[in-house]
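In what follows, chains are A, B, ... by sequence order, proteins preceding strands, each numbered from 1. Just so you know, these numbers come straight off a predicted model, no measurement behind them.
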Protein chains: 2
Amino acid sequence: MFCEIYLVGNEKLPNFEGENFDSVMKYVTIKDIARELVVSVSTVSRALRGDPSIRKETREKIQAAAKRMGYVPNPVATNLKFGRTKTIGVIVPEMSTPYAAKVIDGIQDICYHNNYKVIIASSSEDADKEKENLDIMMQFMIDGIIACRCDYNKNTELYKKIQEQHIPLVFYDRIPHNIEAPQVIVDDETKAFFLVEHLIRSGRKNIAYIGANFDTVYNSVLRHKGYREALQRYGIEYNPNIVVQTEGLNYSDGATAVDKLRHEKTDAIFAFTDTLAIGAMNRLKSIGRNVPRDVAVAGFSGTNLCTIVSPQLTTVEPRQFEMGQKAAELIIKHIANPSSSKSEQVIIDADIIYRESTEG
Amino acid sequence: MFCEIYLVGNEKLPNFEGENFDSVMKYVTIKDIARELVVSVSTVSRALRGDPSIRKETREKIQAAAKRMGYVPNPVATNLKFGRTKTIGVIVPEMSTPYAAKVIDGIQDICYHNNYKVIIASSSEDADKEKENLDIMMQFMIDGIIACRCDYNKNTELYKKIQEQHIPLVFYDRIPHNIEAPQVIVDDETKAFFLVEHLIRSGRKNIAYIGANFDTVYNSVLRHKGYREALQRYGIEYNPNIVVQTEGLNYSDGATAVDKLRHEKTDAIFAFTDTLAIGAMNRLKSIGRNVPRDVAVAGFSGTNLCTIVSPQLTTVEPRQFEMGQKAAELIIKHIANPSSSKSEQVIIDADIIYRESTEG
DNA sequence: AGTGTTTCTGCAAACGATTGAAATTTTTTG
DNA sequence: CAAAAAATTTCAATCGTTTGCAGAAACACT
């Protein structure tokens, strides 16, 4: 009398005692169904996809077995087979404001209706992390990438390499600047112009600009340009002493910028983002300057943060949801037809919203 | 004179006119290197992984070629081969506050140092989206899932199925309630008790509780419990008329809750989250009630939102980064040793931070 | 020259799923 | 009733990578 252990198919012998417990098969495969029903894997495959060349009887038997055994197709296998994943990767520069969330909502709206999945990664304004995220995305064989660069001078080669590999790439919000790719952006210059014009018309003369470092975020350059044009149009001399470039884009950077302006005559601040504006505004309040009476403050981005601070913040609000939608539409178009034009540019409208922080 | 086109290896004929352009090979594979150097794929594979059984000379030649040709290993293939991806999936209920971002930072901190990649998906407080995200994650064959359920009554079966498939699962922040799984949470009850105690000691008598629907977020039940205990301890009668359950967790829900309290005597509000608290506070201000003089307001979560509003918000601040770190440690431990205890519970400390909104 | 080591490289199977072509079975037809 | 046609199922290759085992080449030692 003896006892043998047969290992059938790809099943490994589970060791329920510990260690190798993880080697228990986790998924039911097409092979398991084939073995169970004593048919070939190809028959199972075809039956499950409803191929009419499989007899109805067999097909139903297989489908029933699949259901009973809890079969779910393994997409990694399918991905490998077809070299596509029906997944779009999104790279955002930050996730701590609701801005990105709204854009992502727009992206998901379109993707969902086109049967695409979405994975999101945040680079936290760090170019190295951005690179890492791009690598992960590529590794997952995503079908296309929607990205917002955190620094227009970084990772340029990587993006170009992605393009060379014919992986569709679309940029949104921040201007990619030195990469030719479809993009969904806002007319920063014009919008900045109108906002500053509003400040001037309401009687402000010494308008400061708090912007991101011009060498990292190109939009900052454009908004600065619009700012400068507005000054010029209204005959106000440009004063470089009240133009501050910040290190980062956090509340603290806005506060620091105000500190730098301490000894300059300033009756208004136009900040590159709402976050900077809010940081600046709170610092102003804490040093005893009234907003908007002493200093008017305006931002750019337009998230609900603007309405929870007091005074409520004047801002330029790009249509974020729409921006996401357009970006998704573009990428899907480029996946379907990779030879589409790479220089397509969609300009998203932005609403200038006047609130308490610039009143009077 | 004639012209033939040879298709070598798996390269498909690119049709530069349109349609099939996407079938151009996107990636350099191990096969391409093998063909180029006229060696077998196995030799290339071994050489690239530094196998000592490959002659140094050959190895270096292959490595050089790989570099030159821009080879990157295709992890989808590796995944299929090994059934693991070295990737952890994170499901967050929302991304529009910095809370999740901090937790994710903590997760990424640990994962990065343990060579795990992280993919994140937000369910936007929607159980259906949560399900969808879980499905995507499973499809990518992620090695483990860190999740924060948006509704403790939804998707329970799905989570249980995930556990049955021996995919490690860890919950954070919100109490999974009816699923036995390792979890990283805060002692809601005790912290709520202390916060309410502080309100009582500073002279408040009619303290309202604004909480999420008790049937969706279990933590709300616990904070309510702590609230009730504090009242009892100080001999204040529990008044159900000033306990409001909100539909959602947005600013507007906080505002609506205040509207519901309009005809009740209330001199303090303890809200389930900062978002609700801020929504409530702003509504109070807009109907002419002073915070904190007329009504003190306190929240729970502790993000930098609390310091940008005025008055600044008193809150309970769980150590979010640490929470993420612990969750990541737990999941990595369970991946390494799937038979670890499923009932492990890590309690993260939370700091009660007293600010202007409850002064006086 | 023949045998035994060592060192190196290639074959082939495997992961799970798909699919054209071939093989099998069943049905139809003269 | 046999041969052709149709219906159904299987074989085998494929996606990119890894790896045990077999086989080849190179070398040393009788």
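With F82(B) as the aromatic partner, R84(B) meets the cation-pi criteria of under 6.0 angstrom to the ring centre and within 45 degrees of the ring axis.
Nucleotide dG20(C) holds its P atom 10 Å from the NZ atom of K81(A), rounded to whole Å. Look at CG on L48(B): it is 12 Å from C1' on dT18(D), rounded to the nearest Å. Whole-Å rounding puts the E60(B) CD to dT9(C) P distance at 12 Å. Separating the CD1 atom of I30(B) from the P atom of dT14(D) is a distance of 17 Å, rounded to the nearest angstrom. Rounded to whole Å, atom P of dT10(D) lies 8 Å from atom CD1 of I62(A). The interatomic distance linking D32(B) (CG) with dC15(D) (P) rounds to 10 Å, in whole Å. Residue N79(B) contributes atom CG, which lies 16 Å from atom P of dC15(C) at whole-angstrom precision. One atom, CD1 of I33(A), and another, P of dT18(C), lie 11 Å apart when rounded to the nearest Å.
For the helix from dA1(C)-dT30(D) to dG30(C)-dC1(D), the rotation axes defined at the first and last 5 base pairs enclose an angle of 80°, given to the nearest 10°.
Ion pairing between a basic and an acidic side chain is recognised when a charged N comes within 4.0 Å of a carboxylate O; D128(A) and K131(A) show no such pairing. A salt bridge between E344(A) and K333(A) is present, with a side-chain N of the basic residue lying under 4.0 Å from a carboxylate O of the acidic one. Ion pair E329(B)/K326(B) flagged as a salt bridge, since at least one NZ, NE, NH1 or NH2 atom sits closer than 4.0 Å to an Asp/Glu carboxylate oxygen. The pair K154(B)-D151(B) counts as a salt bridge, with a side-chain nitrogen and a carboxylate oxygen less than 4.0 angstrom apart. Between K342(B) and E164(B), no side-chain nitrogen of the basic residue sits less than 4.0 Å from a carboxylate oxygen of the acidic one, so the salt-bridge criterion is not met.
In this model, the phosphate group of dT9(C) is not approached by any side-chain N or O of R46(B) to a distance below 4.0 Å at OP1 or OP2. Within the structure, every side-chain polar atom (N or O) of T29(A) is placed at least 4.0 Å from both OP1 and OP2 of dC15(C). Using a 4.0 Å cut-off, some side-chain N or O of K31(A) falls inside it from OP1 or OP2 of dC15(C). Considering only side-chain N and O atoms, R55(A) lies nowhere under 4.0 angstrom from the phosphate OP1 or OP2 of dA7(D). Dashed line: the shortest gap from a side-chain N or O of S40(B) to OP1 or OP2 of dG10(C) is under 4.0 Å. Contact between the side-chain N/O atoms of S42(B) and the OP1/OP2 oxygens of dT19(D) is not found at any separation under 4.0 Å. In this model, the phosphate group of dT8(D) is not approached by any side-chain N or O of S53(A) to a distance below 4.0 Å at OP1 or OP2. The shortest distance between the side-chain N/O atoms of S45(A) and the OP1/OP2 oxygens of dT18(C) is below 4.0 Å.
The nearest heavy atom of DNA chain C to P52(B) and to L80(B) marks one nucleotide each, and the one closer to the 5' end goes with P52(B).
Remark: of the listed residues D143(B), N79(B), T78(B), D143(B) is the sole one forming a side chain to side chain donor-acceptor pair (under 3.5 Å) with T85(B).
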